[in-house]
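Atoms considered below: every heavy atom in the structure, side chains included; atoms not considered: hydrogens, waters and symmetry mates.
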Amino acid sequence: MKKFIYFLVLAASILLIYNATLLDFDNLFEGESSIALIGIFASACVIVLMFILLTSRSIAQKKK
C-alpha cells in the first residue's frame, strides 16, 4: 500500500508540473489556463491527502 501511495504522489507531481507548463500568465482565468489551474489545485490536493494518509497510517502503527 505504501508503494501505491508514493506512486500516486509521483503521478500527481508529474501532472502538476505538466499543468504548470500550460498556464498562460497573461490570461490566467481564461481558456486552457483555467483548466490547468484546476488540474494544479487537484494535484496539490492529492499530494496533501496522500501525505496525511501516510502520517495517519504511521500513527496507527505506533499505537498498535
Side-chain angles (χ1 to χ4, degrees):
M1 182 73 172
K2 198 172 190 179
K3 289 181 183 180
F4 181 68
I5 292 172
Y6 283 126
F7 172 74
L8 287 178
V9 169
L10 179 68
S13 299
I14 291 170
L15 284 174
L16 190 138
I17 292 168
Y18 173 72
N19 283 323
T21 62
L22 294 178
L23 286 177
D24 179 20
F25 291 105
D26 293 331
N27 298 321
L28 199 55
F29 296 107
E30 295 178 7
E32 288 187 19
S33 289
S34 64
I35 296 170
L37 278 176
I38 293 169
I40 289 171
F41 288 131
S43 298
C45 288
V46 167
I47 292 169
V48 169
L49 287 174
M50 290 299 110
F51 282 126
I52 290 172
L53 180 62
L54 280 173
T55 305
S56 68
R57 288 175 57 94
S58 70
I59 291 171
Q61 288 292 335
K62 288 180 184 178
K63 191 175 181 183
K64 273 187 173 180

**Item:** Chi angles and distances behind the side-chain contact (heavy atoms from CB on, under 4.5 Å) call for N27, S33
**Value:** CA-CA 7 Å; N27 298 321; S33 289; 5.5 Å; no

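- Hydrophobic clustering of Ile, Leu, Val, Met, Phe, Trp and Tyr side chains at less than 4.5 Å, counting indirect connections, keeps F25 apart from I35.
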Could you pull out every donor-acceptor pair under 3.5 Å between side chains of residues 14-23 and any protein atom, sequence neighbours left out?
unit_1: N19; atom_1: ND2; unit_2: L15; atom_2: O; d: 3.2
unit_1: T21; atom_1: OG1; unit_2: Y18; atom_2: O; d: 2.4

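- Under the 4.5 Å side-chain heavy-atom criterion for ILVMFWY residues, no single connected hydrophobic cluster contains both F4 and L10.
- Of all heavy-atom pairs spanning A12 and S43, the tightest one is O-CB, 3.4 Å.
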Counting only pairs under 3.5 Å, give me each side-chain donor-acceptor contact of residues 51-60, with atom names and distances, residues two or more places apart or in other chains.
unit_1: T55; atom_1: OG1; unit_2: F51; atom_2: O; d: 2.8
unit_1: S56; atom_1: OG; unit_2: I52; atom_2: O; d: 3.4
unit_1: S56; atom_1: OG; unit_2: L53; atom_2: O; d: 2.9
unit_1: S58; atom_1: OG; unit_2: T55; atom_2: O; d: 2.8

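- One hydrophobic cluster holds both Y6 and V46 under the rule that ILVMFWY side chains link at heavy-atom gaps under 4.5 Å.
- Atom CG of L37 and atom CG of D24 lie 10.5 Å apart (nearest 0.5 Å).
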